[in-house]
Amino acid sequence: MPDKGLEEVIAASTRLSDVDGRAGRLWYVGYPIQDLAERSTFEEVVYLLHQLRLPTEAELDELNERLVLEREISPFLADIMPTLAQQTSPMSMLRTSVSAASAYDPDGWENSAEANERKAMRLIAKTATLLAVYHRLRTGQDVVPPHPKLPHAANFLYMLSGQEPDQEDAAVLDTTLILYADHTMNASTFTARVIASTLADMFSAITGAIAALKGPLHGGANEEAMKMLEEIDDPSRAEAYVKDRLARKERIMGFGHRVYKTEDPRATVLRRLSQETGERKDDPRWYEISAEVERVVNAEKGLHANVDFYAASVYHYLGIPTDLMTPVFALARMSGWTAHVREQYSDNRLIRPESEYVGPRDQTYVAIEDRG
Ligand code: COA
């Protein structure tokens, strides 16, 4: 019998990240996620995932410079962006523009390890610009060029709002990018590795990963969680809302996980960030609604919050529009996806599982005019 949803199937070997679902632990290259969230930066995690070790100061400086230099998008992407801003949702824009980015990549179709490392850094750097340009255009505002002195997270908030962000806001966003950077064989990473295993190019693999992330059972859950918080609107309404939804057999987005049987360690960090950011902004309501939803879902179903649940209120506090929350997840995961694609290429074998046939057998073909 096939394992529906491939639950117990080990689909690849990786040196990038590891999860202990029973203990609620996650590591990148052996480093506990809590330590990275507390002490590292997104750029350092990019280095870690791509080089499989922490950088020296000089190495990190060099990576920072490279990422800053890669922030501008090509004239081709800038030209198609007004149409995408008018016609497509943010995740569709990202999927389309990452696919289109292959057209003018300086490394073209070269698939060497060195070319793919350069493509990876370009994708990581440019995703922030794509999202910000799209958002500025769709809201009728001037595009804000990247700020060369700001790190990745701060620069993204700057390009989005046109103002240099509060340092604490930038630090909170940076931490969320670290938490979202990689997560073993999740659906979008698996998709990227399947595509890479055919030796299709990195842009194809990442385009597929973005498509997989879009769905509400995966990355789309943070947006759905925020919509739910907005519908509930007040902590006193959370209990009735959750019970009603569960009675109708509807899922509560941001809860449950295929791997974690206890609390997702990323949710632990994000809960604290949501509470602290709500207090700092003198607007505790979104945290309070979230905490009440969590209490009821836990009591009613025994389900724990996953990474997407508290990410929703955190992003809301940072002024990130609800429909950009999944794209911000993609902005972070771009680091993990590209590292997995490179890992797949480095020791490749076509990923091609079997299926179990359950349809009819030995049928006799009947000519179309004789079918009743
Ligand atoms: N709300 C309500 N019930 C949920 C639930 C949720 N968020 N997540 C799981 N369940 C229930 C299912 O209804 C099912 O109950 P049943 O056995 O009575 O039918 C049971 O838990 C197992 O669910 P299943 O879909 O088999 O688990 P899975 O491992 O395939 O699913 C998720 C994992 C993440 C897809 C699932 O928990 C979910 O849909 N969560 C909401 C979306 C989400 O937050 N996604 C982001 C994940 S990081």
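Just so you know, ligand 1 is whichever comes first in the structure, and atom 1 is the first atom listed for that ligand.
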_Under-4.0 Å heavy-atom contact with ligand 1, by part of L217 that carries it_ = both
*Please work out whether any backbone atom (N, CA, C, O) or any side-chain heavy atom from C-beta onward of H257 is under 4.0 Å from ligand 1, and answer side chain, backbone, both or neither.*
both
*Is R258 close to ligand 1, meaning an N/O of one under 3.5 Å from an N/O of the other?*
yes
Can you pull out the closest protein heavy atom to [atom]? Residue, atom name and distance to 0.1 Å, please.
| atom | value |
| --- | --- |
| atom 47 (C) of ligand 1 | N306 ND2, 3.5 Å |
| atom 43 (C) of ligand 1 | A221 CB, 3.5 Å |
| atom 42 (C) of ligand 1 | M253 SD, 3.3 Å |
| atom 4 (C) of ligand 1 | L303 CD1, 3.4 Å |
| atom 46 (C) of ligand 1 | D308 OD2, 3.3 Å |

List ligand 1 atoms under 4.0 Å from [X], heavy atoms only on the residue side.
| X | result |
| --- | --- |
| K301 | 3 (N) |
| G254 | 43 (C), 44 (O) |
| F255 | 6 (C), 7 (N), 8 (N), 37 (O), 38 (C), 40 (N), 41 (C), 44 (O) |
| H218 | 46 (C) |
| P216 | 42 (C), 45 (N) |

Do [X] and [Y] have side-chain N/O donor and acceptor atoms under 3.5 Å apart?
| X | Y | value |
| --- | --- | --- |
| E44 | T41 | no |
| E263 | T268 | yes |
| D105 | S102 | no |
| Q344 | S197 | no |

Given [options], identify the one with the heavy atom nearest to [atom].
| atom | options | answer |
| --- | --- | --- |
| atom 7 (N) of ligand 1 | L246, I252, V259, N222 | I252 |
| atom 12 (C) of ligand 1 | H183, R245, R251, H304 | R251 |
| atom 34 (C) of ligand 1 | A225, G5, G256, G219 | G256 |

*Is a donor on one side and an acceptor on the other found under 3.5 Å between the side chain of Y317 and the backbone of Y287?*
yes
_Y180 backbone acceptor or donor facing R333 side chain under 3.5 Å_ = yes
Within 4.0 Å of [atom] (strictly less), any protein heavy atom?
| atom | result |
| --- | --- |
| atom 2 (C) of ligand 1 | yes |
| atom 26 (O) of ligand 1 | no |
| atom 17 (O) of ligand 1 | no |
| atom 36 (C) of ligand 1 | yes |

*Hey, can you tell me if H147 and Y158 have their rings parallel, tilted or perpendicular (30° and 60° cut-offs)?*
perpendicular
_Pair K119-D201, salt bridge (charged side-chain N to carboxylate O under 4.0 Å, His left out): steps then yes or no_ = CA-CA 10 Å; K119 289 179 188 182; D201 64 289; 5.7 Å; no
*Ring centroid separation H183 to H218 under 6.0 Å*: no
*Is the count of non-hydrogen atoms from other residues, nucleotides or ligands lying under 6.0 Å from Q167 atom CD greater than 12?*
no
*asked:* Counting C-beta onward and ignoring hydrogens, is there a side-chain heavy-atom pair between K214 and S89 closer than 4.5 Å?
replied: yes
*Apply side chain to side chain donor-acceptor pair (under 3.5 Å) to R53 and Y47, showing your working.*
CA-CA 7 Å; R53 64 177 175 82; Y47 192 99; 3.1 Å; yes
